[in-house]
Amino acid sequence: MMAASVKKRLVALLGSSLKNCLEKGKFELAAPPPSIEVEMTKDTSHGDYASNIAMVLASQARKPPRQIAELLGEQIEDRDHLLDEVEIAGPGFLNFFIKEHIWTTLLQDVDSLQEQFGTNNIGQGKRVQVEFVSANPTGPLHIGHARGAVIGDVMANILTASGYNVHREYYINDAGNQMNNLGTSVLLRYLELLGKTVEFPDNIYQGDYIRDIAEQIMEKYGDTYVNRDDDEAVRFFTDYAASMILDEIKNDLKAFGIVFDEYFSERELYKDDGVARLLEDLKARGFIYREEDTLWFRTTDFGDEKDRVVVRKNGEPTYFAADIAYHKNKFDRGFDTVIDVWGADHHGYMPRVYGGIQALGFNKDSLKIVLVQLVNLLRDGKPLAMSTRSGEFVTMKEVIDEVGRDAARYNFLMRRSDSHLDFDLELAKKQSNENPVYYVQYAHARICSMIRLAVDRNFSIPRYDETDFSRLTLPEEVMLIKVITRYPEVIEGAALSLEPHRLTFYLNELAGIFHSYYNKHKVVSDDLALSKARLFLVNSIRMVLNNALNLLGVSTPEKM
RNA sequence: GCGCCCAUGGCUCAGCUGGAUAGAGCGCCGGACUACGAAUCCGGAUGUCGGAGGUUCGAAUCCUCCUGGGCGCGCCA
């Protein structure tokens, strides 16, 4: 059974205190009470937690904030004896000083939950789809895709750990002009290989992988297609190439530790005239109009800067038309929340997609679009030029092969996703203090090493009930305990804000406090009870490091 | 030109959804292994939070304008 967090218990205490005040007529409110916020303090001289509720209430209660704080403080009924002291400070903060032994009681969760420690149930089983990567199968994944891939993957992990029922999906854009370009590119290369003189237009894909696929087709089918440049031939080359490339994409993702529940093909949407029927539906709802042989969606109704074409003059639906159908499909599958992870270069596309789902009657809030800024790939501080079409790019696979999966993943998680990221290959490769992933992994390995030593000396990791926590009196130990017990809140916050980077920052903090503690104090000593208590503590740290790194998809080495 | 995002120590970035004296890492200088792993630790300097107004008990955070950067503005995806 998970213990309620101290924060939640304080919120509850304040809630009933407020109720008492109102019932006893200590003050009156002109409006319904706002939700009560309790925050961890930055400075321990302000206690462990603080609430600003008195200041928030001041204007509607028409009393000075400090007076409100006094009244609230008096009416707190601390039946569980959580508190040493409630202090009124500054302009009207209520500062809570928690009894020290309360913290150690929270460590019971680490012992009883083990690998599950840190999980929560804010999701309550709600179904969430996370759609990410979704690169066209026109070439291998490159470094920019890698960042979105990791962020989407870890976000999905965090949501799973928060009680959501998560579905990971990759949308394959395999139905547009770019695909025809791909087919044509391979066809032309194929013809060239067979000795034909061919001209390559500018918009053709030129990477080596195009040539590889052309060679493969040549080996398999000889010159079967040499005199055919008709639509059917192009379609064959397109399908063949797309399938090869998609397989490679799947392999690369797998090597990066990323596995999808579903690869959803854009072509699915066209089956049974799905897109056409959707457009009819929208037309019936009055959002579609015709102008000069094209069909327009009135996205300006939803704040877009101009209306968008859904069916071109040549009669073909646009990518956008399919995308509305796709989002409808998502909601029809019963997801409560749909999350799209996009490259930030698509941000201008957001209003029309939000418009699309609203036109269909879905709630705007049920779609969350997370933008991931593009990555600048550097080597020794110098930028590497990249362009998919010209074939000059560093693939995701090359990056993983060069710097390693752990370092690559961790590097992508060290910044908030909407912030630009410089990814320096040489820096990411360094096994040094410039590379935070090793800092955290080293803490884990160090603890494992310590435990090995302790076991050699016939210690065992004590259970919670066998541990004498009164021996953990050092300030560093109290600090460590507090940071450990904060871990579940970090996950909850990361899940609510869809911000995976919070975990890496937390891990760096935890590892830092541990390393410092380690250098200052000996865990395994002649003092049996003390050693056991400290072993329990460091093993709890190990557990948190293990659980958090698992969520990040980063390994937890026992030796380095 | 219009729209979106960003601007925080020398550099790279956090800042928990408006809280108290704005924090890390790197870099720089000086120290710590006959002690559970030195990929570690300890000590030392650095800020008009791009600028100007506004909102309120309180602003790096919210609103307006300006400056400087990134991206977008296809019947491409």
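Just so you know, these numbers use all the heavy atoms, side chains as well, and skip hydrogens, waters and symmetry mates. Note that the structure is predicted; figures quoted are calculated from it, not measured. The chains referred to below are lettered A, B, ... by the order of the sequence lines, with proteins before strands, and numbering in each begins at 1.
- Contact annotation for H444(A): no contact, since no heavy-atom pair falls under 4.0 Å across all strands.
- Taking the charged nitrogens against the carboxylate oxygens, K330(A) and E131(A) do have a contact shorter than 4.0 Å, which makes a salt bridge.
- In this structure, D307(A) places its CG atom 15 Å from C1' of C73(B), rounding to the nearest Å.
- Listed by chain and residue number, D48(A), W103(A), V478(A) satisfy the side chain to side chain contact (heavy atoms under 4.5 Å, CB included) test with K482(A) (two or more places apart in sequence, or in another chain).
- Exactly one residue among L552(A), L496(A), I491(A) makes a side chain to side chain contact (heavy atoms under 4.5 Å, CB included) with I158(A). That residue is I491(A).
- Atom CG of L421(A) is separated from atom P of G70(B) by 17 Å (rounded to the nearest Å).
- Here the two rings, on Y442(A) and F514(A), have centers that are 6.0 Å apart or farther.
- Using a 4.0 Å heavy-atom cutoff across all strands shown, E558(A) reaches at least one base atom of the nucleic acid.
- At least one side-chain heavy atom of F27(A) sits less than 4.5 Å from a side-chain heavy atom of L71(A).
- Considering only side-chain N and O atoms, Y438(A) lies nowhere under 4.0 angstrom from the phosphate OP1 or OP2 of A39(B).
- When heavy atoms are screened at a 4.0 angstrom cut-off, A445(A) is found touching base atoms of the nucleic acid.
- S419(A) comes within 4.0 angstrom of the backbone, heavy atoms only, and of no base.
- Remark: aromatic rings of F132(A) and Y170(A) are distant, center separation not under 6.0 Å.
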Are there any protein N/O atoms within less than 3.5 Å of an N/O atom in nucleotides 20-24 of chain B, and if so, which ones and at what distance?
| from | atom 1 | to | atom 2 | distance (Å) |
| --- | --- | --- | --- | --- |
| A20(B) | OP2 | K42(A) | NZ | 2.7 |
| A20(B) | N6 | N95(A) | OD1 | 2.5 |
| A20(B) | N1 | N95(A) | OD1 | 3.3 |
| A20(B) | N1 | N95(A) | ND2 | 3.2 |

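- Phosphate proximity of G37(B) to R446(A): absent, as no side-chain N or O sits under 4.0 Å from OP1 or OP2.
- Backbone-only contact: E39(A) has heavy atoms under 4.0 Å from sugar-phosphate atoms and none from a base.
- When rounded to the nearest whole Å, the span between CG of N435(A) and P of A38(B) equals 19 Å.
- Among the protein residues, N173(A) comes within range of the sugar-phosphate backbone only, with heavy atoms under 4.0 Å from sugar or phosphate atoms but none that close to a base.
- Base contact: Y518(A) has a heavy atom under 4.0 Å from a base atom.
- Spacing between atom CG of D422(A) and atom C1' of G25(B) amounts to 15 Å, rounded to whole angstrom units.
- Between the CG atom of L427(A) and the P atom of G25(B) there is a distance of 16 Å, given to the nearest Å.
- The pair K429(A)-D424(A) does not count as a salt bridge, with every side-chain nitrogen at least 4.0 angstrom from each carboxylate oxygen.
- In this entry the distance linking CZ of R66(A) with P of G58(B) reads 16 Å, nearest Å.
- Checked for salt-bridge contact, D239(A) and R267(A) meet the test: a charged N lies under 4.0 Å from a carboxylate O.
- The distance from atom NZ of K283(A) to atom CZ of R290(A), rounded to the nearest 0.5 Å, is 6.0 Å.
- Looking at heavy-atom distances under 4.0 Å, R502(A) makes contact with sugar-phosphate atoms alone, never a base.
- Contacts of S516(A) with the nucleic acid, taken as non-hydrogen atoms under 4.0 Å apart, involve only primed sugar atoms and P, OP1 or OP2.
- In this structure, R308(A) places its CZ atom 14 Å from P of G72(B), rounding to the nearest Å.
- Side-chain nitrogen and oxygen atoms of K306(A) include none within less than 4.0 Å of the OP1 or OP2 phosphate oxygen of G3(B).
- Computed from coordinates, the H521(A) NE2 to C42(B) C1' distance equals 12 Å when rounded to whole Å.
- By the stacking rule of 5.5 Å between ring centres and under 30° between planes, H346(A) stacks on the base of A77(B).
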Listed pairs, N/O of protein and of nucleotides 4-6 of chain B, under 3.5 Å:
| from | atom 1 | to | atom 2 | distance (Å) |
| --- | --- | --- | --- | --- |
| C4(B) | O2 | H347(A) | NE2 | 3.4 |

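- For H501(A), the listed nucleotide lying nearest its side chain is G15(B); candidates were G15(B), A38(B), C76(B).
- Figure legend: cation-pi geometry between R352(A) and F297(A) absent, as NZ or CZ is not positioned both under 6.0 Å from the six-membered ring centre and within 45° of its axis.
- Once the 5.5 Å centre distance and the 30° plane angle are applied, the aromatic ring of Y319(A) is found not to be stacked with the base of C76(B).
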